[in-house]
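Scroll down for the structure; my scribbles are underneath it.
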Amino acid sequence: MGQREVAENGVLTRIGQAVMLLHGGDREEARNRFGELWTEIGESGDPLHRCTLAHYMADTQDDPCDELAWDLRALTAAEGPATARASPAVRAFYPSLHLNLAADYVKLQRPDAARLHLSRARAAVNALGDDGHGNDGVRTAIGRLERDLLDE
């Protein structure tokens, strides 16, 4: 295993550790670790790392505007170089990225923007696996948010 591959795996491992903190309820420590990693990775870092990190960093934010900013960073990273966009790992993020952006816009009372991103999330669901995350998680959440927007 090359040094670059070890370093990349180390970043993903550290992101995963911070995600476990987040899911365990320690948002502040997760936010701190994500912040350190963001500084380390930088704007020119691996698009998958930046997308993953920003995607989860958004979930640690208290202010909906900050959450939106991090979700937009995640989308920007995913839409980076063509090689990143072609990556199955990055493509699998698109439904969740657009779902999160739609939820952000709902919180910010911008239903038109929310509908646009829900439409994009729905269009990207084929990139999801046929597993609990794809079926029970993202697809269900898209449907739920669509229904909520219809009720407005």
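Index from 1, following the sequence. What you see is a predicted model; the values in this text were computed from it and never measured.
Closest approach of Ala124 to Pro95, counting heavy atoms only: O-CG, 3.2 Å. Residues Ala18 and Ala30 approach most closely at O-CB, 3.5 Å, considering heavy atoms. Closest heavy-atom contact between Leu108 and Leu68: CD1-CD2, 3.6 Å. In terms of heavy atoms, Ala121 sits closest to Ile142 at CB-CD1, 3.7 Å.
Note: Tyr56 and His23 have perpendicular aromatic rings, judged against thresholds of 30 and 60 degrees for the angle between ring planes.
Residues Arg50 and Arg73 form no side-chain contact, since every pair of their non-hydrogen atoms from C-beta on lies 4.5 Å or further apart. A heavy-atom distance below 4.5 Å is found between the side chains of Phe93 and Leu48. Looking only at side-chain heavy atoms (C-beta outward), Val11 and Ile41 come within less than 4.5 Å of each other. The side-chain heavy atoms of His117 and Tyr105, taken from C-beta on, include a pair separated by under 4.5 Å. Side-chain contact check for Leu75 versus Asn100: every heavy-atom pair is 4.5 Å or farther apart.
Under 4.0 Å is where a charged nitrogen must lie from a carboxylate oxygen, and between Asp62 and Arg27 at least one such pair does. Ion pairing between a basic and an acidic side chain is recognised when a charged N comes within 4.0 Å of a carboxylate O; Glu40 and Arg14 show such pairing.
More than 12 non-hydrogen atoms from other residues, nucleotides or ligands lie less than 6.0 angstrom from CD of Glu29.
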